[in-house]
Amino acid sequence: MKVLKFGGTSVGSAQRMQDVAKLITGDRNIVVLSAMSGTTNSLVEIFDYLYKKNPDGANEIINKLAQKYYGHIEDLYATADYKQKAKEHVNSIFDYIRTFTKDLFTLFEERIVLAQGELLSTGMMNLYLQECGVNSVLLPALDYMRTDKNAEPDPVYIKEKLNALLTAHAEADLYITQGYICRNAYGEVDNLQRGGSDYTASLIGAAISSDEIQIWTDIDGIHNNDPRIVEKTAPVRQLHFEEAAELAYFGAKILHPTCILPAKLNNIPVRLLNTMEPEAPGTLISNETEKGKIKAVAAKDNITAIKIKSGRMLLATGFLRKVFEIFENYQTPIDMVTTSEVGVSVTIDNKRRLDEIVDDLKKYGTVTVDDDMTIVCVVGDLEWDNVGFEASIVSAMKEVPVRMISYGGSNYNVSLLVKASNKKKALQALSSHLFNN
Ligand code: ASP
Ligand code: MG
């Protein structure tokens with residue numbers, strides 16, 4: 001059995017849903033769907049109005065969104081019978097959303113509203129498949145996908161409940177389920193964070209020990225550089241789990257970073273495929289490395305670098321602990337770290353508590369902040385006993401000022417911190433140097 005996940009744009013219109021239906025029928029697989037593109041953002045807008053106690057504003061968006069869905073229904077189904085069934089499904093969801101415009105609105109209701117996008121898309125797809133004569137069964141994610149008290153997925157629960165559902169519907173040709181949504185440890189409706197449908201797919205893959213997890217989007221796999229910035233890029237055909245995790249974290253938008261871990265732990269290959277070009281090979285992510293090969297470059301924006309310099313660090317113990325503790329106190333994760341004997345530089349991508357952090361750091365040394373920075377990350381099989389990759393990377397950057405360089409935290413990544421204004425130059429230089437583009 002395989003798990004196939006389709007993102008919002010892949011199910012973004014009636015035509016796209018019909019294309020997806022052709023791709024998923026034939027094998028007894030589990031299909032995970034996102035909300036139709038734009039829907040989750042509209043749901044966010046709706047609850048923004050509700051938090052601001054403006055039910056009229058919310059109702060306007062709800063009505064507009066409902067109209068869009070009526071349009072999709074007209075285009076998607078061939079028969080009056082199924083148009084009617086779909087309308088009932090869509091109406092029941094919009095009526096439910098409307099009930100939240102009449103009462104107190106809290107985080108609890110917010111999560112329920114956010115969950116409706118995936119319930120809409122999966123219900124519609126399931127009805128469409130049935131209209132096409134496919135015996136598809138809807139697996140309600142809220143019945144098996146669950147997080148624990150630390151808001152981490154609960155793999156034991158998921159495995160047990162999901163497998164019980166599959167056994168109860170053993171006769172089905174195909175299973176459709178919602179990405180992103182779940183229940184939390186208290187049984188409330190919750191979610192796996194924005195973009196979390198990829199995570200759903202890999203959690204399901206792990207729970208059923210699937211042969212493969214396929215993530216379908218509208219690009220042909222991960223590219224070796226950012227196609228929006230560098231002119232010539234090429235798809236990367238094979239990545240190690242660790243390489244993919246670095247790329248997903250450092251900017252390759254195609255895959256959510258959380259998705260890699262469950263697949264890696266259970267050694268289930270992940271394949272990135274393109275709905276617009278289903279025959280293309282895409283990118284295969286597995287446990288294999290290609291010896292000594294540099295695979296790709298990615299960039300992460302909106303980075304702030306903070307340097308703490310202090311004579312007190314020289315030969316001292318506990319200095320780094322005190323510095324890191326400050327970031328922990330303000331719940332601000334650190335991305336990159338570089339040190340010398342008398343100073344340490346770190347980067348963060350969340351500036352919310354920056355002023356407080358800087359204030360506290362001043363107790364320990366002189367603090368410098370560099371804003372508007374970008375982490376450029378080079379990914380590949382970069383084992384320390386492979387020779388030459390450091391030299392190629394550094395020589396590619398010979399005309400770009402580099403604020404920090406970090407290697408040795410993993411065997412798969414070298415990170416460079418540059419000014420955001422030099423990002424393009426850095427990505428292009430690395431591309432032409434490393435991939436001869
Ligand atoms: N619909 C959710 C979002 O837009 C989850 C997803 O698409 O993965 O974030
Ligand atoms: Mg997505």
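Throughout, numbering of the chain's residues begins at 1 and tracks the sequence.
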Lys/Arg N to Asp/Glu carboxylate O, Lys291 vs Glu383, below 4.0 Å:
no

Taking salt bridge (Lys or Arg N to Asp or Glu O under 4.0 Å) as the test, write out the residues that go with Asp372, two or more places apart.
none

Around Asn302, counting heavy atoms of other residues, nucleotides and ligands shown, do more than 12 lie under 6.0 Å from its CG?
no

Evaluate whether atom OH of Tyr49 has more than 12 neighbouring non-hydrogen atoms of other residues, nucleotides or ligands under 6.0 angstrom away.
no

Tell me whether the count of non-hydrogen atoms from other residues, nucleotides or ligands lying under 6.0 Å of NZ in Lys264 goes above 12.
no

Looking only at side chains, do Thr106 and Glu109 share a donor and an acceptor under 3.5 Å apart?
yes

Is Phe6 close to Leu273 at the side-chain level, that is, under 4.5 Å between some pair of heavy atoms?
no

So Phe241 and Asn267, do their side chains get closer than 4.5 Å, heavy atoms only?
yes

Are Asp148 and Tyr157 linked by a side-chain donor-acceptor pair shorter than 3.5 Å?
no

Regarding Ser410 and Glu242, is there a side-chain donor-to-acceptor distance under 3.5 Å anywhere?
no

Tell me whether the centres of the aromatic rings in His240 and Tyr412 are closer together than 6.0 Å.
yes

Looking at Glu118 and Ala35, would you say the former's side chain and the latter's main chain have a donor-acceptor pair under 3.5 Å?
yes

Run the numbers on Ser37 and Arg16 for side-chain contact (heavy atoms from CB on, under 4.5 Å), then give the verdict.
CA-CA 11 Å; Ser37 55; Arg16 288 297 195 88; over 6 Å; no

Are Gln178 and Leu119 side-chain neighbours, meaning at least one heavy-atom pair lies under 4.5 Å?
yes

Modelled atom types, side-chain donor and acceptor of Gln238 and Ser286, under 3.5 Å:
yes

Any chance you could lay out the side-chain contact (heavy atoms from CB on, under 4.5 Å) test for Ile260 and Leu255, step after step, and finish with the verdict?
CA-CA 9 Å; Ile260 302 293; Leu255 186 67; 3.3 Å; yes

Check each of Thr177, Ile24, Thr122, Asn126 against Leu33 using the side-chain contact (heavy atoms from CB on, under 4.5 Å) test, and report the only one that passes.
Thr122

Taking the side chain as every heavy atom from C-beta outward, state whether Tyr175 and Leu165 have any pair of such atoms under 4.5 Å apart.
no

Side chains of Thr289 and Asp381: do they bring a donor and an acceptor to under 3.5 Å?
no

How are the rings of Tyr82 and Tyr77 set relative to one another: parallel (under 30°), tilted (30 to 60°) or perpendicular (over 60°)?
parallel

Any side-chain donor-acceptor pair under 3.5 Å between Asn184 and Thr147?
no

Donor-acceptor pairs under 3.5 angstrom involving side-chain atoms of residues 90-98: please list them, not counting sequence neighbours.
residue : atom : partner : partner atom : Å
Asn91   : OD1  : Tyr70   : OH           : 2.4
Asn91   : ND2  : Lys87   : O            : 3.4
Ser92   : OG   : His89   : O            : 2.9
Asp95   : OD1  : Arg98   : NH1          : 3.2
Arg98   : NH2  : Asn63   : OD1          : 2.9

Go through the side-chain N and O atoms of Asn224 and Thr233 and say whether any donor and acceptor fall under 3.5 Å apart.
no

Within a strict 4.5 Å, meaning less than it, do heavy atoms of the Glu45 and Glu60 side chains meet?
no

In terms of side-chain heavy atoms, does Asn41 have a donor or acceptor partner in Arg194 at a distance below 3.5 Å?
yes

Within the 6.0 Å centroid threshold, strictly below: Tyr407 and Phe389:
yes

Hey, does Tyr128 have a side-chain heavy atom less than 4.5 Å from the side chain of Ser136?
no

Quick check: do Glu110 and Phe100 have side-chain heavy atoms less than 4.5 Å from each other?
no

Check the pair Lys300 / Asp335 against side-chain contact (heavy atoms from CB on, under 4.5 Å), numbers first and verdict last.
CA-CA 10 Å; Lys300 189 167 190 247; Asp335 280 329; 3.3 Å; yes

Using a strict cut-off of less than 4.0 Å between a Lys/Arg side-chain nitrogen and an Asp/Glu carboxylate oxygen, indicate whether Lys2 and Asp27 qualify as a salt bridge.
no

Steps toward side-chain contact (heavy atoms from CB on, under 4.5 Å) verdict (Leu272, Ile219):
CA-CA 9 Å; Leu272 309 179; Ile219 345 176; over 6 Å; no

Would you say that Leu50 contacts Ile46 through its side chain, given a criterion of any heavy-atom pair below 4.5 Å between the two side chains?
yes

Can you tell me how far the CD1 atom of Ile375 sits from the CD1 atom of Ile303, to the nearest 0.5 Å?
4.0 Å

Please determine if Asp198 and Lys5 form a salt bridge, counting it only when a charged side-chain N lies under 4.0 Å from a carboxylate O.
yes

Check this for me: Glu279, atom CD, are more than 12 non-hydrogen atoms of other residues, nucleotides or ligands nearer than 6.0 Å?
no

